[in-house]
Participant: 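Here it is: the structure, laid out below.
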Amino acid sequence: MKKIVLLGYMGCGKSTIAQNLSKITNIPFLDLDKCIENRVNLSINEIFEQHGEIYFRKLEHEIFVELLQSSENSIIGLGGGTPCYANNHELLKNDGVTSIYLKASIETLYNRLVHNKSKRPLIADMNEEEMREFIAKHLFDRSFYYNQAQHKVTVDGKSVEETVQDIIAILA
Ligand SMILES: Nc1ncnc2c1ncn2[C@@H]1O[C@H](COP(=O)(O)OP(=O)(O)O)[C@@H](O)[C@H]1O
Ligand SMILES: O=C(O)C1=C[C@@H](OP(=O)(O)O)[C@@H](O)[C@H](O)C1
Ligand SMILES: [Mg+2]
């Protein structure tokens, strides 16, 4: 089994790129957040509201392990926090896993997230100034984990298609 795992900060494009890479490569894609939502029949917002972040992180770990154990080839789009909790970043080193960090600047992330925050409970209630500061600090804290990926693709200023092509070049 081969797993292509996309990681990186909220808004870097994991879900969008995983879906588009899947169309071009014909490798099925799975979005970890979607798998979590389907498992408990709640949205990410509802999980955070009703059960809290720790519960979410436990589910996220369990389901990530399950996805890696399945015998299918797949492209997996992680959540932004996935590599930063439990031993998830160690799992990225498993046999058959190709991990790719979609690296975006604070500016790119801010510009995408400012209009796209309602389904992301960590930032949903922040104003613009709070969000800019939060992203800068949070990205700094998380970069250690993101940098454990085998490959890095910078996404700033690139279209979805260009990023997909960069990934295909890595996989070739
Ligand atoms: N070049 C691009 N690559 C990826 N996403 C882009 C790009 N330009 C704009 N976007 C938008 O940015 C957002 C990325 O969100 P998403 O794919 O959910 O990221 P993630 O899963 O990493 O949080 C989407 O709304 C997408 O339409
Ligand atoms: O960065 C995070 O901790 C999170 C990122 C989200 O996924 P996206 O990165 O796909 O938005 C989702 O898993 C949850 O809201 C927590
Ligand atoms: Mg996503």
Side-chain angles (χ1 to χ4, degrees), residues 4-24 29-40 42-65 67 74-86 88-89 92 99-126 130-149 151-168:
I4 300 160
V5 177
L6 304 185
L7 58 131
Y9 200 76
M10 289 180 273
C12 70
K14 302 174 294 294
S15 303
T16 306
I17 300 296
Q19 193 168 359
N20 283 271
L21 181 64
S22 169
K23 276 188 208 144
I24 306 263
F29 94 93
L30 291 162
D31 192 76
L32 179 56
D33 281 335
K34 266 273 155 282
C35 297
I36 297 169
E37 291 180 329
N38 293 342
R39 178 68 56 93
V40 292
L42 293 170
S43 69
I44 299 294
N45 275 337
E46 288 168 337
I47 298 172
F48 271 70
E49 270 167 32
Q50 296 176 23
H51 300 280
E53 183 173 351
I54 294 171
Y55 174 83
F56 172 79
R57 296 301 172 194
K58 282 173 81 171
L59 264 181
E60 181 181 46
H61 173 67
E62 279 169 28
I63 298 176
F64 183 39
V65 169
L67 296 188
S74 56
I75 298 166
I76 305 174
L78 299 185
T82 315
C84 317
Y85 292 88
N88 295 340
H89 72 284
L92 297 174
S99 54
I100 304 174
Y101 171 24
L102 301 183
K103 186 173 184 190
S105 67
I106 296 165
E107 203 56 28
T108 298
L109 296 170
Y110 174 80
N111 288 333
R112 289 190 193 165
L113 290 171
V114 73
H115 303 296
N116 222 327
K117 60 177 184 169
S118 62
K119 291 184 181 160
R120 293 181 167 94
L122 295 179
I123 54 171
D125 297 331
M126 290 183 187
E130 285 168 336
M131 229 177 84
R132 197 185 278 279
E133 208 178 304
F134 179 82
I135 293 169
K137 184 177 177 300
H138 207 205
L139 180 62
F140 180 81
D141 290 343
R142 287 181 163 186
S143 289
F144 168 80
Y145 297 98
Y146 297 154
N147 282 315
Q148 309 289 316
H151 304 279
K152 198 181 301 184
V153 170
T154 300
V155 303
D156 300 314
K158 287 182 192 160
S159 64
V160 171
E161 292 72 25
E162 285 171 322
T163 300
V164 167
Q165 284 308 321
D166 285 356
I167 295 174
I168 287 172

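In listed order, ligands and their atoms are each counted from 1. Note that the structure is a prediction, hence the values are computed from the model and not measured.
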Participant: Before accepting this row, confirm whether a basic side-chain N of the pair Glu53/Arg57 lies closer than 4.0 Å to the acidic partner's carboxylate O.
Facilitator: yes
Participant: Does a side-chain heavy-atom distance below 4.5 Å link Arg120 with Asn116?
Facilitator: yes
Participant: To the nearest 0.5 Å, what is the distance between OG on Ser43 and CD on Gln50?
Facilitator: 8.0 Å
Participant: Any donor and acceptor pair, going by atom type alone, linking the side chain of Tyr146 with main-chain N or O of Gly80 inside 3.5 Å?
Facilitator: yes
Participant: Where is the tightest heavy-atom contact between Leu7 and Ser99, given as atom of each residue plus distance?
Facilitator: CD2-CB, 4.0 Å
Participant: How close does the nearest protein non-hydrogen atom get to atom 18 (O) of ligand 1, and which residue and atom is it?
Facilitator: Arg120 NH2, 3.1 Å
Participant: Can you pull out the closest protein heavy atom to atom 1 (N) of ligand 1? Residue, atom name and distance to 0.1 Å, please.
Facilitator: Lys158 O, 2.6 Å
Participant: Could you walk me through whether Val153 and Lys158 pass the side-chain contact (heavy atoms from CB on, under 4.5 Å) check?
Facilitator: CA-CA 10 Å; Val153 170; Lys158 287 182 192 160; 4.3 Å; yes
Participant: What do you reckon, does Asn116 put a non-hydrogen atom under 4.0 Å from ligand 1?
Facilitator: yes
Participant: Does ligand 1 have an atom under 4.0 Å from some heavy atom of Val155?
Facilitator: no
Participant: Which ligand 2 atoms, with their elements, are less than 4.0 angstrom from a heavy-atom of Ile44?
Facilitator: 14 (C), 15 (O)
Participant: Would Ile17 count as being in polar contact with ligand 1, using the rule that some N or O on each side must be under 3.5 angstrom apart?
Facilitator: no
Participant: Need the ligand 2 atom indices (1-based, order shown) with element for anything under 4.0 Å from a heavy-atom of Arg57.
Facilitator: 2 (C), 3 (O), 16 (C)
Participant: What residue and atom, counting heavy atoms only, is the protein's closest point to atom 12 (O) of ligand 1, and at what distance?
Facilitator: Arg112 CD, 3.1 Å
Participant: Indicate yes or no for a side-chain donor-acceptor contact from Lys14 to the backbone of Gly8 under 3.5 Å, with no hydrogens or angles considered.
Facilitator: yes
Participant: At a 4.0 Å threshold, what atoms of ligand 1 neighbour a non-hydrogen atom of Val160?
Facilitator: 1 (N), 2 (C), 3 (N), 4 (C)
Participant: What do you reckon, does Cys12 put a non-hydrogen atom under 4.0 Å from ligand 1?
Facilitator: yes
Participant: If you count the atoms of ligand 1 from 1 in the order shown, which ones are under 4.0 Å from a heavy atom of Met10?
Facilitator: 23 (O)
Participant: In terms of atom number and element, which parts of ligand 2 are under 4.0 angstrom from non-hydrogen atoms of Gly79?
Facilitator: 7 (O), 9 (O), 13 (O)
Participant: I want to know if ligand 2 touches Gly11 in the polar sense, i.e. an N/O pair below 3.5 angstrom.
Facilitator: no
Participant: State the atoms of ligand 1, each with its element, that fall below the 4.0 Å cut-off from a heavy-atom position in Ser159.
Facilitator: 1 (N)
Participant: Whether the side chain of Ser22 engages the backbone of Ala18 through a donor-acceptor N/O pair (distance < 3.5 Å, no angle test) should be reported.
Facilitator: no
Participant: Are there more than 12 heavy atoms of other residues, nucleotides or ligands under 6.0 Å from atom CD of Glu133?
Facilitator: no
Participant: For ligand 2, is any non-hydrogen atom under 4.0 Å from Lys14's backbone (N, CA, C, O), its side chain (CB onward), both, or neither?
Facilitator: side chain
Participant: Mind checking whether Gly8 has an N or O less than 3.5 Å away from an N or O of ligand 2?
Facilitator: no
Participant: I need the atoms of ligand 2 closer than 4.0 Å to a non-hydrogen atom of Leu122, numbered in the order shown.
Facilitator: 2 (C), 3 (O)
Participant: Looking only at protein heavy atoms, which one is nearest to atom 17 (O) of ligand 1, and what is the separation?
Facilitator: Thr16 OG1, 2.4 Å
Participant: At under 4.0 Å between heavy atoms, is it the side chain or the backbone of Glu53 that contacts ligand 2, or both, or neither?
Facilitator: neither
Participant: Which residue supplies the protein heavy atom nearest to atom 2 (C) of ligand 2, what is that atom called, and how far is it?
Facilitator: Gly81 N, 3.3 Å
Participant: Could you check atom 14 (C) of ligand 1 against the protein and tell me its nearest heavy-atom contact, residue, atom and distance included?
Facilitator: Gly11 O, 3.8 Å
Participant: For atom 11 (O) of ligand 2, what's the nearest protein heavy atom and its distance?
Facilitator: Arg120 NE, 2.8 Å
Participant: Can you check whether Phe29 reaches Leu6 side chain to side chain, under 4.5 Å on heavy atoms?
Facilitator: no
Participant: Check for me whether Lys119 has a heavy atom closer than 4.0 Å to any atom of ligand 2.
Facilitator: no
Participant: Can you confirm whether Asp33 sits close enough to Ser15 that some side-chain heavy atom of one is under 4.5 Å from a side-chain heavy atom of the other?
Facilitator: no
Participant: Using a 4.0 Å cutoff against the non-hydrogen atoms of Asp33, which atoms of ligand 2 qualify?
Facilitator: 6 (C), 7 (O), 8 (P), 10 (O), 12 (C), 13 (O)
Participant: What is the nearest protein non-hydrogen atom to atom 21 (O) of ligand 1, stated with its residue, atom name and distance?
Facilitator: Ser15 OG, 2.8 Å
Participant: Could you tell me whether the Mg ion (ligand 3) has an N, O or S atom of Thr16 under 2.8 Å away?
Facilitator: no
Participant: Side chains of Leu102 and Ile167: does their closest heavy-atom pair fall under 4.5 Å?
Facilitator: yes
Participant: At a 4.0 Å threshold, what atoms of ligand 1 neighbour a non-hydrogen atom of Tyr9?
Facilitator: 22 (O)
Participant: Among Ile135, Val155, Asp156, find the residue that satisfies the side-chain contact (heavy atoms from CB on, under 4.5 Å) test when tested with Leu109.
Facilitator: Ile135
Participant: Measure the CZ-NE2 distance between Arg142 and His89 for me, rounded to the nearest 0.5 Å.
Facilitator: 14.0 Å
